[in-house]
Amino acid sequence: VYTEEQQQRLGVDEEGNKVEQPNSDGSAKQVIGPAWTRGEIEKPAGEKNHGSYTTLVYTEEQQQRLGVDEEGNKVEQPNSDGSAKQVIGPAWTRGEIEKPAGEKNHGSYTTLVYTEEQQ
(Lines give C-alpha, C1' and ligand atoms only; values in the text may rest on other atoms or scores of the structure.)
Protein backbone atom coordinates (compact mmCIF):
# COMPACT_ATOMS: atom_id res chain seq x y z
CA VAL A 1 0.00 0.00 0.00
CA TYR A 2 1.33 3.43 -1.00
CA THR A 3 1.35 6.20 1.58
CA GLU A 4 -0.39 9.53 0.92
CA GLU A 5 3.01 11.16 0.33
CA GLN A 6 4.00 8.45 -2.17
CA GLN A 7 0.65 8.73 -3.95
CA GLN A 8 1.12 12.47 -4.41
CA ARG A 9 4.76 12.23 -5.43
CA LEU A 10 4.37 9.27 -7.80
CA GLY A 11 0.90 10.01 -9.19
CA VAL A 12 -0.60 6.70 -8.11
CA ASP A 13 -3.47 5.50 -5.96
CA GLU A 14 -2.95 3.48 -2.77
CA GLU A 15 -2.50 0.30 -4.84
CA GLY A 16 0.09 1.84 -7.18
CA ASN A 17 -2.21 2.41 -10.18
CA LYS A 18 -1.40 5.57 -12.17
CA VAL A 19 -3.91 8.36 -11.68
CA GLU A 20 -4.26 11.59 -13.63
CA GLN A 21 -2.62 14.45 -11.83
CA PRO A 22 -4.40 17.82 -11.73
CA ASN A 23 -2.64 20.97 -12.93
CA SER A 24 -0.70 22.97 -10.35
CA ASP A 25 -3.77 25.19 -9.82
CA GLY A 26 -5.91 22.13 -9.01
CA SER A 27 -7.85 22.19 -12.28
CA ALA A 28 -8.21 19.06 -14.39
CA LYS A 29 -5.82 18.50 -17.27
CA GLN A 30 -7.34 19.14 -20.67
CA VAL A 31 -6.59 17.42 -23.95
CA ILE A 32 -7.70 18.29 -27.43
CA GLY A 33 -9.39 15.65 -29.54
CA PRO A 34 -9.09 14.96 -33.25
CA ALA A 35 -9.82 17.78 -35.71
CA TRP A 36 -13.09 16.16 -36.82
CA THR A 37 -14.47 16.36 -33.25
CA ARG A 38 -14.00 20.13 -33.43
CA GLY A 39 -15.65 20.47 -36.84
CA GLU A 40 -12.37 21.30 -38.62
CA ILE A 41 -12.62 18.35 -41.02
CA GLU A 42 -15.21 15.71 -41.79
CA LYS A 43 -15.46 12.60 -39.65
CA PRO A 44 -13.50 9.53 -40.78
CA ALA A 45 -15.74 7.04 -42.58
CA GLY A 46 -13.53 3.95 -42.15
CA GLU A 47 -12.62 1.71 -39.25
CA LYS A 48 -9.35 -0.02 -38.39
CA ASN A 49 -9.37 -3.05 -36.11
CA HIS A 50 -6.34 -3.22 -33.81
CA GLY A 51 -7.35 -6.49 -32.19
CA SER A 52 -8.53 -5.30 -28.80
CA TYR A 53 -9.93 -1.97 -30.02
CA THR A 54 -11.11 -0.21 -33.18
CA THR A 55 -10.29 3.29 -34.38
CA LEU A 56 -11.90 5.53 -36.97
CA VAL A 57 -9.72 6.15 -40.04
CA TYR A 58 -10.06 8.10 -43.26
CA THR A 59 -10.94 5.96 -46.26
CA GLU A 60 -8.83 5.99 -49.43
CA GLU A 61 -11.44 8.21 -51.08
CA GLN A 62 -11.40 10.67 -48.16
CA GLN A 63 -7.59 10.67 -48.11
CA GLN A 64 -7.43 11.60 -51.79
CA ARG A 65 -10.16 14.21 -51.56
CA LEU A 66 -9.04 15.82 -48.28
CA GLY A 67 -5.26 15.49 -48.72
CA VAL A 68 -4.76 13.54 -45.49
CA ASP A 69 -3.40 10.16 -44.41
CA GLU A 70 -5.60 7.56 -42.73
CA GLU A 71 -5.19 9.34 -39.37
CA GLY A 72 -6.16 12.75 -40.78
CA ASN A 73 -2.66 14.26 -40.93
CA LYS A 74 -2.12 16.61 -43.90
CA VAL A 75 0.04 15.15 -46.67
CA GLU A 76 1.82 16.79 -49.58
CA GLN A 77 -0.38 16.58 -52.67
CA PRO A 78 1.34 15.68 -55.96
CA ASN A 79 0.84 17.77 -59.09
CA SER A 80 -2.07 16.84 -61.35
CA ASP A 81 0.30 14.76 -63.53
CA GLY A 82 1.40 12.73 -60.46
CA SER A 83 4.84 14.31 -60.22
CA ALA A 84 6.16 15.67 -56.95
CA LYS A 85 5.85 19.36 -56.25
CA GLN A 86 9.04 21.29 -56.74
CA VAL A 87 10.31 24.40 -55.05
CA ILE A 88 12.57 27.06 -56.50
CA GLY A 89 15.69 28.26 -54.73
CA PRO A 90 17.12 31.77 -54.46
CA ALA A 91 17.71 33.70 -57.70
CA TRP A 92 21.51 33.48 -57.35
CA THR A 93 21.33 29.65 -57.45
CA ARG A 94 19.79 29.92 -60.92
CA GLY A 95 22.37 32.41 -62.19
CA GLU A 96 19.90 35.31 -62.30
CA ILE A 97 21.91 37.52 -59.95
CA GLU A 98 25.30 37.31 -58.29
CA LYS A 99 25.90 35.06 -55.29
CA PRO A 100 25.99 36.78 -51.87
CA ALA A 101 29.59 37.42 -50.83
CA GLY A 102 29.02 37.75 -47.07
CA GLU A 103 28.17 35.27 -44.34
CA LYS A 104 26.04 35.64 -41.22
CA ASN A 105 26.58 33.33 -38.25
CA HIS A 106 23.33 32.41 -36.49
CA GLY A 107 24.99 30.26 -33.84
CA SER A 108 24.03 26.79 -35.02
CA TYR A 109 24.11 27.61 -38.74
CA THR A 110 25.49 30.17 -41.21
CA THR A 111 23.69 31.87 -44.11
CA LEU A 112 24.96 33.78 -47.12
CA VAL A 113 24.12 37.50 -47.14
CA TYR A 114 24.71 40.38 -49.50
CA THR A 115 27.51 42.73 -48.43
CA GLU A 116 27.09 46.52 -48.27
CA GLU A 117 28.93 46.77 -51.59
CA GLN A 118 26.52 44.31 -53.25
CA GLN A 119 23.45 46.10 -51.98
Side-chain angles (χ1 to χ4, degrees):
V1 174
Y2 287 84
T3 67
E4 186 65 37
E5 183 275 328
Q6 290 173 316
Q7 292 176 42
Q8 292 298 315
R9 183 170 44 87
L10 301 173
V12 296
D13 63 17
E14 65 182 12
E15 296 172 359
N17 301 311
K18 277 282 189 197
V19 296
E20 184 159 332
Q21 296 296 304
N23 293 323
S24 58
D25 65 359
S27 63
K29 293 192 186 251
Q30 297 180 3
V31 295
I32 189 165
W36 66 266
T37 63
R38 302 184 304 275
E40 296 174 12
I41 191 171
E42 68 186 64
K43 182 178 178 179
E47 289 187 351
K48 184 173 184 178
N49 185 320
H50 299 272
S52 60
Y53 64 98
T54 302
T55 57
L56 293 177
V57 295
Y58 287 93
T59 63
E60 284 295 325
E61 183 275 331
Q62 286 179 307
Q63 291 177 47
Q64 293 298 316
R65 185 167 44 82
L66 301 172
V68 297
D69 62 16
E70 74 173 11
E71 297 174 348
N73 301 311
K74 287 283 184 195
V75 295
E76 179 74 25
Q77 293 297 303
N79 294 322
S80 58
D81 65 359
S83 64
K85 294 199 183 228
Q86 297 182 8
V87 294
I88 191 166
W92 66 266
T93 65
R94 300 184 305 277
E96 296 174 13
I97 59 176
E98 71 178 294
K99 180 179 177 179
E103 289 187 351
K104 181 174 182 181
N105 186 329
H106 298 275
S108 60
Y109 66 96
T110 303
T111 56
L112 295 177
V113 295
Y114 287 97
T115 64
E116 285 290 325
E117 181 181 285
Q118 289 178 303
Q119 296 177 30

List the residues meeting side chain to side chain contact (heavy atoms under 4.5 Å, CB included) with V75, not counting sequence neighbours, and say none if there are none. D69, Q77

V68 with V57, same ILVMFWY side-chain cluster at under 4.5 Å: no

Under a 3.5 Å distance rule, please check whether E70 uses its side chain to pair with a backbone N or O of Q63 as donor and acceptor. no

Can you tell me if CD on E117 sees more than 12 non-hydrogen neighbours from other groups inside 6.0 Å? no

Taking K99's backbone N and O only, do any of them form a donor-acceptor pair with Q118's side chain (distance below 3.5 Å, no angle check)? yes

Let me check something: any side-chain donor-acceptor pairs from residues 100-107 under 3.5 Å, sequence neighbours excluded? List them with distances.
| from | atom 1 | to | atom 2 | distance (Å) |
| --- | --- | --- | --- | --- |
| N105 | OD1 | G107 | N | 2.6 |
| H106 | NE2 | T111 | OG1 | 2.8 |

Separation between CD1 (I97) and CH2 (W92), nearest 0.5 Å, reads 9.5 Å

Tell me the salt bridge (charged side-chain N to carboxylate O under 4.0 Å, His left out) pairs involving residues 51-67, sequence neighbours left out? E42-R65, E61-R65

